[in-house]
Amino acid sequence: MNLDRPEFKWQALKKMVERAVRQSPILDIHTHLYDPAMGELLLWGIDEMLVYHYLLAEGFRHIQMPYENFWRLRKEEQAELIWKELFIEHSPVSEACRGVLTILHSLGLDPKEKDLPALRNWFQQWDPQAHITRCMELAGVHRIYMTNSPFDAAELAYWAKGWARDERFAAALRLDPLLLDWHNTAPQLAEQGYDVGEGLVEKTLQEIRRFLNEWTDIMEAHYVMVSLPPNFTYPSASDAAAILEGAVLPHCRERNLPLALMMGVERAVNPALRLAGDGVGRADLSALKNLCADFPGNRFLATALSRENQHELCVLARKFRNLHIFGCWWFTNTPSLIDEITRMRLELLGWSFTAQHSDARVLEHIIYKWQHTRETIAAALVDKYVDMAAAGWEPTFKEVQRDVWQLFGGAFEEFLGVRTVPEAAPDPIDWPE
Ligand code: RAT
Ligand code: ZN
């Protein structure tokens with residue numbers, strides 16, 4: 001490699017790559033945000049940001065009161081405690097803390113003023129619609145994929161009423177209780193009018209398919225998803241395997257929907273922490289390999305929570321084109337791990353993966369999650385293009401834009417076989433130099 005060649009303008013190349021990454025539109029393919037018509041389900045504002053479960057877990061490292069006393073506090077009081085512990089008494093160094101700073105800074109607020117009441121007042125003046133537009137613009141996000149559960153009473157109330165959908169929000173049908181807790185879920189299906197018994201006989205599997213079909217239509221779901229514990233195996237004699245084979249996979253084939261598997265979450269490691277109490281374990285990826293091999297007519301999206309699974313996951317994606325890997329999920333959504341994982345994926349897969357999803361639970365999260373991700377991915381890409389250029393392959397700006405879009409939504413759409421948001425996916429050929 002000869003970076004000393006006079007014609008090699010690596011500074012210009014760096015700027016070009018950074019610009020393309022900064023400007024690329026993004027499809028945020030997994031969040032916990034909601035269509036604004038779903039009212040209070042769409043969280044936003046400073047208190048919601050401070051009681052985000054990523055921050056709660058860190059706050060409880062310092063807060064000494066019993067968990068139950070904390071949960072009895074009002075949301076504003078909980079937020080004040082987190083603010084005090086993580087922002088006043090310690091410097092906000094963690095990724096989730098830095099996220100709050102990035103959000104405030106991007107919205108033109110000064111986090112150093114340390115004035116929580118003033119911040120509250122500022123957020124209260126916003127009308128949700130205008131605030132959504134502003135956050136999406138600041139994040140450069142063109143479409144937000146929700147996580148929609150037909151088992152969540154709060155959601156059910158909205159789906160029952162129906163509403164004119166906000167085009168910027170797309171649905172994904174989440175099935176954790178169906179696959180992981182059939183014993184308690186069967187009565188819920190029965191309550192919704194499906195003729196199911198606890199035994200997974202043919203009639204019950206047909207009724208589960210009817211349930212999946214109807215909810216896919218109601219939600220206009222773009223894919224089906226489930227998170228799985230580290231001990232999930234396939235094949236197996238479990239209810240999950242029977243429901244996958246007899247209902248979920250045939251449904252996905254019939255409706256041409258990918259199934260997203262989020263692997264390696266150990267739920268309720270410390271139940272007293274509630275949503276913040278989940279942990280991580282190394283998943284058995286042979287389950288994913290077997291699913292990809294046994295069901296070539298199905299398409300699988302997959303992400304893994306454990307750092308130790310990442311290399312194996314990349315190698316699997318090289319073997320199965322019905323597998324698309326995505327995101328640096330939850331505990332891997334930190335700059336050092338995004339850097340490592342993205343470089344590994346580029347080196348093993350080229351551009352055929354989706355680099356990140358935000359997992360935002362509070363609207364403003366998309367601002368920090370994407371700003372931080374863009375910075376990390378830009379640095380990785382600069383190195384990759386410099387390596388290519390050193391070997392005589394200097395890209396044009398249009399080529400870089402095309403490549404970056406692959407990582408931020410293009411490869412996902414290709415895998416889905418649709419263009420979900422044509423206007424959000426500018427044809428790189430038409431982009432200005
Ligand atoms: O990242 C998170 O907020 C987690 O709590 C989970 O929601 C996880 O992303 C999931 O979808 O299960
Ligand atoms: Zn999630």
Side-chain angles (χ1 to χ4, degrees), residues 27-34 41-44 48-60 82 94-97 99-100 103 141 143-152 154-155 169-181 219 221-232 240 258-281 283 300-307 309 325-334 337-338 341 354-370 372-373 412:
L27 299 184
D28 196 346
I29 71 166
H30 169 60
T31 75
H32 297 267
L33 303 177
Y34 292 92
L41 295 185
L42 174 62
L43 305 179
W44 57 285
E48 297 294 354
M49 277 185 240
L50 290 173
V51 299
Y52 183 31
H53 71 87
Y54 289 27
L55 285 179
L56 283 178
E58 293 166 28
F60 275 121
I82 300 289
S94 75
E95 176 60 8
C97 282
V100 176
I103 292 168
V141 167
R143 184 166 252 203
I144 290 172
Y145 285 76
M146 306 179 278
T147 298
N148 300 109
S149 171
F151 306 103
D152 177 340
E155 275 197 50
F169 290 77
L173 172 58
R174 180 83 175 232
L175 296 177
D176 293 23
L178 177 72
L179 284 162
L180 302 176
D181 190 15
M219 292 174 174
H222 289 251
Y223 64 89
V224 175
M225 69 189 311
V226 63
S227 71
L228 296 168
N231 62 4
F232 173 79
L259 173 63
L261 304 175
M262 304 179 78
M263 308 189 70
V265 54
E266 195 167 337
R267 296 290 177 193
V269 169
N270 181 358
L273 282 174
R274 301 195 179 175
L275 204 50
D278 298 338
V280 57
F300 299 92
L301 295 159
T303 194
L305 195 51
S306 159
R307 181 187 188 187
N309 276 136
I325 66 178
F326 72 97
C328 298
W329 179 26
W330 197 347
F331 309 118
T332 62
N333 189 348
T334 62
L337 292 179
I338 297 170
I341 293 168
T354 299
Q356 187 60 304
H357 64 271
S358 76
D359 238 309
R361 278 182 182 265
V362 180
L363 175 61
E364 294 88 351
H365 282 165
I366 57 174
I367 299 173
Y368 97 78
K369 302 239 189 189
W370 286 110
H372 294 186
T373 286
F412 176 74

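One-based numbering, in listed order, for ligands and for the atoms of each.
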*Asks:* Who pairs with Thr303 by side-chain hydrogen bond (donor to acceptor under 3.5 Å, both in side chains), at least two apart in sequence or on another chain?
*Replies:* none
*Asks:* Considering the heavy atoms of Arg174, write down every atom of ligand 1 situated less than 4.0 Å from one of them.
*Replies:* 10 (C), 11 (O), 12 (O)
*Asks:* Please work out whether the ring planes of Tyr54 and Tyr52 are parallel, tilted or perpendicular, with thresholds of 30° and 60°.
*Replies:* parallel
*Asks:* Among all residues two or more places apart in sequence or in another chain, which pass the side-chain hydrogen bond (donor to acceptor under 3.5 Å, both in side chains) test with Arg307?
*Replies:* Glu340
*Asks:* What residues form a side-chain hydrogen bond (donor to acceptor under 3.5 Å, both in side chains) with Thr334, not counting sequence neighbours?
*Replies:* none
*Asks:* Checking a contact table here: which protein heavy atom is nearest atom 6 (C) of ligand 1, and how many Å away?
*Replies:* Arg361 NH2, 3.5 Å
*Asks:* Given the rule in the salt bridge (charged side-chain N to carboxylate O under 4.0 Å, His left out) test, do Arg174 and Asp176 qualify, once you have shown the distances and angles that lead to the verdict?
*Replies:* CA-CA 6 Å; Arg174 180 83 175 232; Asp176 293 23; 2.9 Å; yes
*Asks:* Check ligand 1 against Tyr54 and write out every atom of the ligand that is under 4.0 Å from a heavy-atom position of the residue.
*Replies:* 1 (O), 2 (C), 3 (O)
*Asks:* When you measure from the heavy atoms of His365 to every atom of ligand 1, does any distance fall below 4.0 Å?
*Replies:* no
*Asks:* Taking 2.8 Å as the upper limit, name the protein N, O or S atoms near the Zn ion (ligand 2).
*Replies:* His30 NE2, His32 NE2, Asp359 OD1
*Asks:* In this structure, which one of His30, His222, His32 forms a ring pair (Phe, Tyr, Trp, His ring centres under 6.0 Å) with Tyr145?
*Replies:* His222
*Asks:* At a 4.0 Å threshold, what atoms of ligand 1 neighbour a non-hydrogen atom of His30?
*Replies:* 9 (O), 11 (O)
*Asks:* If only side-chain N and O atoms count, and only distance matters, is there a donor-acceptor pair under 3.5 Å linking Asn231 with Glu266?
*Replies:* no
*Asks:* Return yes when His53 approaches ligand 1 closer than 4.0 angstrom through a heavy atom, no otherwise.
*Replies:* yes
*Asks:* Are the side chains of Phe326 and Ile29 in contact, using a 4.5 Å heavy-atom criterion?
*Replies:* yes
*Asks:* Side chain, backbone, both or neither: which part of Arg267 has a heavy atom under 4.0 Å from ligand 1?
*Replies:* side chain
*Asks:* I'd like to know if the side chain of Asp28 reaches the main chain of His357, judged simply by a donor and an acceptor atom lying under 3.5 Å from each other, with no hydrogens or angles considered.
*Replies:* no
*Asks:* Kindly say whether Phe151 contributes a backbone atom to a donor-acceptor pair with the side chain of Ser149 at under 3.5 angstrom?
*Replies:* yes
*Asks:* Closest non-hydrogen protein atom to atom 8 (C) of ligand 1, residue and atom name please, with distance?
*Replies:* Trp329 NE1, 3.3 Å
